[in-house]
> 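Got a structure for you, written out below as structure tokens; questions coming shortly.
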Amino acid sequence: MLSSSQSLPCSSVRLQFSRSKSIAGKPLSSPNVVGFRRPLAISAACATASAETASSSFYDVLGISVGATSDEIKAAYRRRARSCHPDVAASGRERKSAAADEFMRVHAAYSTLSDPEKRADYDRRLSRRIRPPLAMNQFSGLSASPASSSSSFYRFPRRTWETDQC
Amino acid sequence: MAQIGLIDSPIPPISLMFTGFRQLRRTAVATMQPTRFWTVPAQIKHEIHNSLLVWDALESRMAEQAYTVASDSEIAEEKSSAFPDIAIGIDIGTSQCSVAVWNGSEVELLKNTRNQKIMQSYVSFKDDVPTGGVSSQLTHEHEILSGSAVFNMKRLIGRVDTDPVVHASKSLPFLVQTLDIGVRPFIAALVNNMWRSTTPEEVLAIFLVELRTMAEVQLKRPIQNVVLTIPVSFSRFQLTRIQRACAMAGLHVLRLMPEPTAVALLYAQQQQQIAHENMGSGSEKISLIFNMGAGYCDVAVSATAGGVSQIKALSGAPVGGEDILQNMMRHLLPEFDTHFASRGIDEIKSMASLRVATKNAIHMLSSQTSVAVDVDLGNGRRVSKLVDRAEFEEVNRTVFDKCESLVKQCLHDAKVDTGDLTDVILVGGCSLIPKVKDLVKGICKTEKLCEGMSPLEAAVCGAALEGAVASGISDPFGNLDLLTIQVTPLSIGIRANGNSFVPVILRNTTMPVRKDLIFTTVRDNQTEALIVVYEGEETSIEKNHLLGYFKITGIPPVPKGVPEINVCMDIDASNVLRVLAGVVLPGNQQPVGPIMEVRMPTVDDGHGWCAEALNRTYGSTLDLMTVQKKGHA
């Protein structure tokens with residue numbers, strides 16, 4: 001059985017039918033996603049998700065340098081939110097759902113980078129450029145999942161308010 | 001049971017409502033876009049009846065005020081072309097309500113014909129056509145309390161008769177009867193010495209029609225879109241009831257905004273104006289917003305900079321001025337419940353006298369340390385008592401304790417230290433109570449509360465701002481360069497692992513959001529599974545709100561624990577929840593059979609019953625369990 005009940009939020013549109021080990025982000029073929037409300041966006045989301053793991057880092061998503069300060073991270077998050085949040089992005093169903101996906105990516109990047117602990121962990125992995133074996137490890141920062149929020153990450157209630165509290 | 005209440009059709013009977021309302025045709029037809037939450041039609045017959053009454057009310061209002069739909073008038077055309085369809089903000093409070101709109105340069109509160117910006121929320125059934133607090137000439141509090149008027153609808157809407165809040169409403173002058181079986185309570189107004197039944201949705205709809213008429217007359221254009229403020233603790237089922245009431249009143253809900261987040265948006269705008277020169281990079285301000293009205297107490301922690309208000313956490317509970325009032329009434333008249341049990345005209349009258357006197361006393365205690373209550377209850381009964389502030393605070397200790405715990409919880413959830421707080425904002429009628437001020441100041445370790453916000457107008461102003469922003473209006477001076485990043489006020493999950501609630505999306509998760517969890521079967525060769533979706537914070541499933549359920553079929557007959565059942569939840573930026581579920585066998589990339597996608601909530605009234613029936617009929621045969629979690633979970 002799976003060792004983790006939580007799968008990747010970012011790519012969950014395609015429903016994690018694969019074992020979480022195979023996170024490569026292969027889009028499911030279209031017949032399987034008939035039930036979704038935006039089949040087009042799914043492949044797009046998957047493509048980005050896999051691209052993210054491969055090339056574009058959280059820093060790229062927020063458009064900041066690797067050495068950015070926490071204030072810069074916050075400012076970048078707000079700036080990106082101002083342009084890609086579905087509330088402000090152009091209307092229209094297609095655009096809105098694309099904006100929602102974009103915003104979720106931005107928020108995932110922010111929630112990792114704004115937490116010093118998660119950021120350090122992420123930076124280590126980024127510098128090594130190797131894929132951790134399991135999705136849980138790879139995305140623990142990104143997912144901010146129910147599992148992780150009740151986990152050791154939050155055991156120390158200090159001034160971590162900027163942590164995404166998901 | 002296999003019938004899932006996912007009926008997403010524009011129900012035809014609604015069109016019936018328009019028969020005979022020719023004047024309204026354009027506004028009404030245009031606004032009656034099928035909202036997302038039409039559910040099981042069984043309800044509809046009843047509601048058509050109610051709706052017709054709502055439209056009666058509307059028709060009568062129109063006759064009285066010589067109301068014409070603005071699209072026929074040239075002036076209106078001009079105006080509406082300049083500001084096309086700006087959604088108005090409405091704050092329907094438990095006891096008071098108000099309407100505001102972005103007028104092109106700032107937020108303006110609309111006034112009724114009696115020049116009031118804040119109107120009382122009630123509907124009187126005394127006359128043939130129900131009238132509400134917007135237009136009605138009732139000025140004497142006693143008339144509202146005569147039993148012929150229904151109020152506090154915001155406390156009652158979308159609640160079943162096992163709900164403690166409904167039980168607490170049984171001492172109101174109109175009739176609230178409960179049978180404790182998980183259906184909607186029986187609510188009735190006393191008209192000509194008879195009980196005339198109604199529903200909170202109907203009362204709210206009548207009231208909204210009046211508000212809408214008032215706004216249309218003043219703005220000289222048809223009103224379609226609204227942003228309404230709602231309490232944090234409202235369940236998604238309650239939100240559907242609010243939306244239904246709006247649809248009955250011909251209004252389209254653009255956004256339902258938790259009250260403190262509306263205040264946060266207003267705060268963001270104020271900060272934006274103050275720090276205009278360094279826009280977008282102004283220093284971040286952490287604010288705590290405490291909003292307590294007659295029915296609900298809500299708290300939010302928000303991080304604000306550059307016009308972006310990022311909500312960090314929300315907390316809320318149905319506790320407010322109404323509870324304080326009832327506690328005081330029982331304190332002044334210990335035999336309160338026995339005295340009013342019979343509910344004759346005389347009893348209702350004396351209850352009204354006591355209520356008015358107690359309310360006044362509470363208001364007085366905000367500015368003085370003691371007050372003398374002297375009220376004649378008729379039949380030789382008289383309450384005469386000197387009440388001091390300490391006594392008042394002691395009587396309402398549980399209320400104030402609850403407020404304290406909400407503030408603490410919100411700060412904890414937001415992971416904010418009191419030292420980080422830039423501003424503490426208190427709004428709502430109860431924010432005038434000294435004890436409330438003190439307790440918030442005490443927890444936040446601050447001496448000074450944020451000034452410059454009207455306690456009774458902040459929420460509606462925020463809603464009007466959101467209305468303008470969400471309508472796509474821009475302002476040359478950047479006053480509308482605003483954004484609220486919202487969070488989910490309650491956790492959403494499914495029933496699994498026996499009778500437990502397993503959250504998929506935790507509360508205070510930033511929206512839009514998409515999360516999923518993997519479950520598996522509990523029996524060998526289990527081919528079906530029931531996905532029962534709940535909302536709430538309790539681990540025991542019964543204490544949470546049922547949102548809906550659907551069945552997954554066609555699971556291949558394999559040993560238990562083998563199939564992976566992926567349950568994905570998706571909330572978009574307009575707070576629409578979708579639950580998706582699919583089955584996959586290990587080693588396969590492809591799901592077995594089609595994926596189910598269900599928009600929630602699907603339940604209708606009587607859902608308390610429904611959950612019980614499900615349990616009785618299926619027991620654990622269609623159960624799920626979570627796939628083993630890692631050690632730290």
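Chain identifiers are assigned alphabetically (A, B, ...) following the order of the sequence lines, protein sequences preceding nucleic acid strands; residue numbering begins at 1 within each chain.
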> Checking B/Glu466 against A/Asp87 for the side chain to side chain contact (heavy atoms under 4.5 Å, CB included) test, could you report, in this order, the C-alpha distance in whole Å, the side-chain angles of both residues, the deciding distance, and whether it holds?
CA-CA 10 Å; B/Glu466 175 77 7; A/Asp87 277 3; 4.0 Å; yes
> How many angstroms lie between OG in B/Ser283 and CG in A/Asp71, if you round to the nearest 0.5 Å?
9.0 Å
> Given a strict heavy-atom distance threshold of 4.5 Å, which part of B/Thr484 is in contact with chain A: side chain, backbone, both, or neither?
backbone
> Can you tell me how far CZ of B/Arg514 sits from CG of A/Asp101, rounded to the nearest 0.5 angstrom?
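Taking CG in A/Asp101 and CZ in B/Arg514, the distance rounds to 4.5 Å.
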> Below 4.5 Å, heavy-atom pairs only: which of B/Thr488, B/Leu483, B/Val308 has the largest tally toward chain A?
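When all of B/Thr488, B/Leu483, B/Val308 are compared, B/Leu483 has the most.
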> Measure distances from B/Leu411 to the heavy atoms of chain A and classify the residue's part below 4.5 Å as side chain, backbone, both or neither.
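Contact with chain A involves no heavy atom of B/Leu411 at all.
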> Between A/His85 and B/Ala573, what is the shortest heavy-atom contact and its length?
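Minimum heavy-atom contact is CE1-CB, 4.3 Å.
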> Going from CD on B/Gln310 to NE2 on A/His107, what distance comes out if it is rounded to the nearest 0.5 angstrom?
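Between atom CD of B/Gln310 and atom NE2 of A/His107 there are 7.0 Å.
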> Donor-acceptor pair, distance only, cut-off 3.5 Å: does the side chain of A/Arg82 make one with the backbone of B/Gly307?
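No.
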> To the nearest 0.5 Å, tell me how far A/Phe103 CZ sits from B/Ile485 CD1.
4.5 Å
